[in-house]
Amino acid sequence: MKTSLIQESSTSDVSRKDKEETSPFVQYFRNIFNAVSSTIKGMSITLNYVLTRKPTSIEYPEVREVLPANARMRLYNDALNCIACNQCAMACPVDCIYITSYPRPKDLEVPKTEDGTPKRQVLVQYTIDTSLCCYCGLCTTVCPTECITHSHDYEFAQYTVGQFKYDYTDEDIIAWRDRILGQKNK
Amino acid sequence: MLDELVQELKSKFPNAQVQLHNPPEGVGSSSIEITPQSLREVCFYLRDQSPLKFQVLQVISGIDYVDYLEVCYMLANFDLNRSYEMILKVKLSDRVNPSLDSVSDIWPAANWQERECYDMLGVVFKNHPDFRRILCPDDWEGFPLRKDYVAAKFYNGMQVYPDHKMNLEERSYIIHSKSQAEELQKKSLAKGL
Amino acid sequence: MIKENDKQHEHLDHHHDEEEVMEDYEVGTKPESLRSELLTLNMGPQHPATHGVLRIEIKTDSEIVAEAIPHIGYLHRCMEKHSENLDYRGIIPFVDRMDYLASISMEVGYALTVEKMLGTEVPARATFIRTLVSELQRIASHLVAFGTYALDLGAFTPFLYAFDQREKILRFFEEISGARLLYNYVWIGGVWHDITEGQIEFLRDFLDEFEKELDEYHVLVTSNSIFKDRTKDVAIIDLKTCFEYGATGPVLRGAGYRWDLRKIQPYLLYNQLEFDIPVGGDHPQVGGVVGDCLSRYYVRMCEMRESVKIIRQLIEKIPAGPIMGKVPKIIKLPKGEIYMRTECPRGELGYHLVSDGGKEPYRLKVKSPCFTHVSILPKIGPGLMIADFVAAVGSIDIVLGEVDR
Amino acid sequence: MQDGIVLTKVDEFLSWGRKNSLWPMTFGLACCAIEMMATGANKYDLERFGCGAFMATPRRADLMIVAGTVTLKMATRVRTLWEQMAEPKYVLSMGSCANKGGPYWQHGYHVLKGVEEVVPVDVYVPGCPPRPEALIEGIMTLQKKIASERLLRKKWIKHVG
């Protein structure tokens, strides 16, 4: 309806004007034609998408994307294999790894990690403030016993920010060990 | 190429005390140092008359050497056949009130770059058309990239480094008393660590 | 005379009294009793069309921009201060976060700068991978530019199409580096992870599909007459302005100057590759004048095709071998300074690195392309309509993380 | 104080309606904003959760996704935007920077250490930047929180007590 109104007014305008000014009039219709035709062209591409393409959405909570093996998600330190060498804390550009350890009493036997490195220190605290972590992966590359790794957990939204501080010497967190090693082997 | 330019500048501007700085250990870029007083005339010459025609000012970078400040002008020649870039340096010995002539009428690009240099290092550029801070808010105190800069505790009522977020407890590595340490150690040993 | 009068009173036709009053005055002059002033309009920091947290103070005369003053610094994250306190490896994650749409290009520039000072030899395979990923990053970055530019101008569909293709590139990046957006992939001396045969196969399929998609984008957006009318002859940045303000990248190439550091000062493998540098005015059938929004947009679209060409050449002859060169465990650069430029998707990225021989750089200053491009806005703004100003801001494709650093 | 079955059912209905039509504000600050855009795009499709309608103005939005680093210059604007939002309003802090300053906490003289310094935050999403899935999970966590809200009951308690 609207276009027809505009047409009427423009024709009446033209009748008043000189012959020279018919070109804008032609231009006007050409513009309308161009706009409509190019929109139809674009629409046909969209229609082609609708009809021929498979849906690309991932129905997230039900279907999950398989993460690549080296995906960098939440850090996990396997405290049983950690020798408290402090290299990860030094390499961390953000300074979010805090380690406290004491030399092992001399009367006790020195246990070994899985790859045979002697554990001369007793790890008392190994805290990572995950809310500061920038997931760059520099700490994992310097670890001599490869005990600090990126796990594949990314779903751990919290209601308070304090809950992001993980002490990896906690028994609850040591209990994650099997699950996270399982992720890597999968 | 830089040597020729230095010779040329030396003959044209005897007052500028043109010096060529080659990298001390052989790697890196060379730079040309001039006096602050002769900056504008040298810049005009470099842009319009010198055979290399540095028509583009790429960036102005300021460096704080604790004893003095240095302002570096990265100039580039956008000739399609022989592109060239150069570092022009000015040393400012007055660290308290450093000031320099603005080159924003020679290269309009300098307008914002000089504002950033002022914002970060506190170099005042004279005759600048719109001289104020650019990145930090207008009421910011201090010049962050100076080596002796200490961040303010409060800004606008907001704590910049709130104590409860600085992980002070975890960062205070060995503060435990002996008995505490032994207790913690015992706990860890029980976990098999 | 009558015609002009009509124009003058177009917006007043329903106020006949005013019209009568107005007729007493000569056309073109303003009655002194009529008070007029510029209206100040704040665009941003929260505005969908400013691509982040840019604030532009616009003084408008009705619908026309009379003065545009950009205010930046809303994302000033003190990257340069951080780099003075970190070792050379630890800076890479921060360099990533500068231009978060083209992190790899940022990393490549930084790694090349440090390697030049350090004198490290990078293995051939690592250089190949670096060239490959930086070109792929260029495509990903331009896709976002294309999608959001169409979004700014009122078209939602291209945004979805662009992100659809971008997700595939991100998947490739995630497989090689482990992260989706901020990779920390290019290290000093080489790259972190290797590329497998399967990933190259994936890339091959992707390139075939992407080229077809690119043709469709042209039909969907470039040939659309509404899009053309919005961008044609709008916000012309001519060559003189480009040189005065130091503009580089698609802005300079859009102005018709065939300047690309990949050709002029070749780094990585660019001197062995065949590709063209598209500039504004190469395709007169697209319309518009050289240096307008349309030509900047079109340069980006052509660059994507060139990048596809480059990647095709690369994956055919990727050599075997190690991916990390010999780098000391603690990197200490010799005393001195260096200024080095590379071509990132938004323009020339320069690092001015000053070392005092220690573990940390004494000063790292970044020449960011977007900073210079934002500084052109006060020059091109006046005289544009507000809607055209949005088109102008979108066409220079800024990333605020890099402007403020 | 009685808690009738009708009140509970009406409460449940109200919070069901609220949680399934969370309209976020178009408010991108930094890197995380790109992931937020990716979440809104086709692959992850935020619309499936009823919160894909990104509103350009705070007055029409229920949810503020603080996606990126909040600097001191921006902090007052974030506060203003939050104040402009109509009740009920929720804040989701996305990514390390908004949670606690992230990588910029140590030398960031111009970075606010966590957006909770200026606005109350309901849910924190970890990551730098979080994967789109992580953001969706954060929104689902927020939906859980909203579902447990008892709007009428609160009013009832106030009224009776």
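Owing to the predicted nature of the structure, the values given are computational and were not obtained by experimental measurement.
Most heavy-atom pairs under 4.5 Å with chain B: of the set C/Lys379, C/Glu348, C/Arg258, this distinction falls to C/Glu348. Heavy-atom pairs under 4.5 Å with chain B were tallied for C/Arg341, C/Arg405, C/Met340; the largest tally goes to C/Arg341. Highest contact tally toward chain B, considering only C/Glu84, C/Lys116, C/His71, is held by C/Glu84 [criterion: heavy-atom pairs under 4.5 Å]. Between chain C and the options B/Ala76, B/Ser29, B/Pro24, B/Ser30, the largest number of non-hydrogen pairs under 4.5 Å is found for B/Ser29. Counting heavy-atom pairs closer than 4.5 Å to chain B, the top-ranked of the candidates C/Lys263, C/Met117, C/Glu244 is C/Glu244.
Between B/Phe131 and B/Tyr118, the distance from one ring center to the other falls under 6.0 angstrom.
Aromatic ring orientation, C/Tyr257 versus C/Trp259: parallel (interplanar angle below 30°, classes split at 30° and 60°). Relative orientation of the B/Phe54 and B/Tyr84 rings is tilted, given thresholds of 30° and 60° on the angle between their planes.
Of the two parts of B/Ile87, only the side chain, counted from C-beta on, holds a non-hydrogen atom closer than 4.5 Å to a non-hydrogen atom of chain C. Proximity to chain C (any heavy atom under 4.5 Å) is shown, for B/Asp138, by neither the backbone nor the side chain. Of the atoms belonging to B/Ile60, it is backbone heavy atoms, and not side-chain ones, that fall under 4.5 Å from chain C. At a 4.5 Å heavy-atom cutoff, the contact between B/Arg146 and chain C is made by backbone atoms alone. Neither the backbone nor the side chain of B/Ala110 has a heavy atom closer than 4.5 Å to any heavy atom of chain C. For chain C, the nearby parts of B/Gln113 are the backbone and the side chain; heavy atoms of each come within less than 4.5 Å. Residue B/Asn81: no heavy atom, backbone or side chain, is found under 4.5 Å from chain C. Interface remark: C/Leu353 contributes no atoms to any contact with chain B (heavy atom separation under 4.5 Å). Contact annotation for C/Leu364: neither backbone nor side-chain heavy atoms come within less than 4.5 Å of a heavy atom of chain B. If you measure heavy-atom distances from B/Pro23 to chain C, you find no contacts under 4.5 Å at all.
A salt bridge does not link C/Asp356 with C/Lys335: none of the charged nitrogens is closer than 4.0 Å to a carboxylate oxygen. A salt bridge is absent between B/Arg132 and B/Asp119: the closest approach of a Lys/Arg side-chain nitrogen to an acidic carboxylate oxygen does not fall below 4.0 angstrom. The pair C/Glu343-C/Arg262 fails the salt-bridge criterion, with no side-chain N (NZ, NE, NH1 or NH2) lying under 4.0 Å from an Asp/Glu carboxylate O. Taking 4.0 Å as the cut-off between side-chain N and carboxylate O, B/Asp67 and B/Arg95 do not count as a salt-bridged pair.
For the pair B/Lys147 and C/Tyr362, the distance from NZ or CZ to the six-membered ring centre is under 6.0 Å and the angle to the ring normal is within 45 degrees.
Of all heavy-atom pairs between B/Cys72 and C/Glu337, the closest is SG-OE1, 4.5 Å.
Contact of the B/Trp107 side chain with the C/Phe243 side chain is not registered, since no non-hydrogen atoms from C-beta on lie closer than 4.5 Å.
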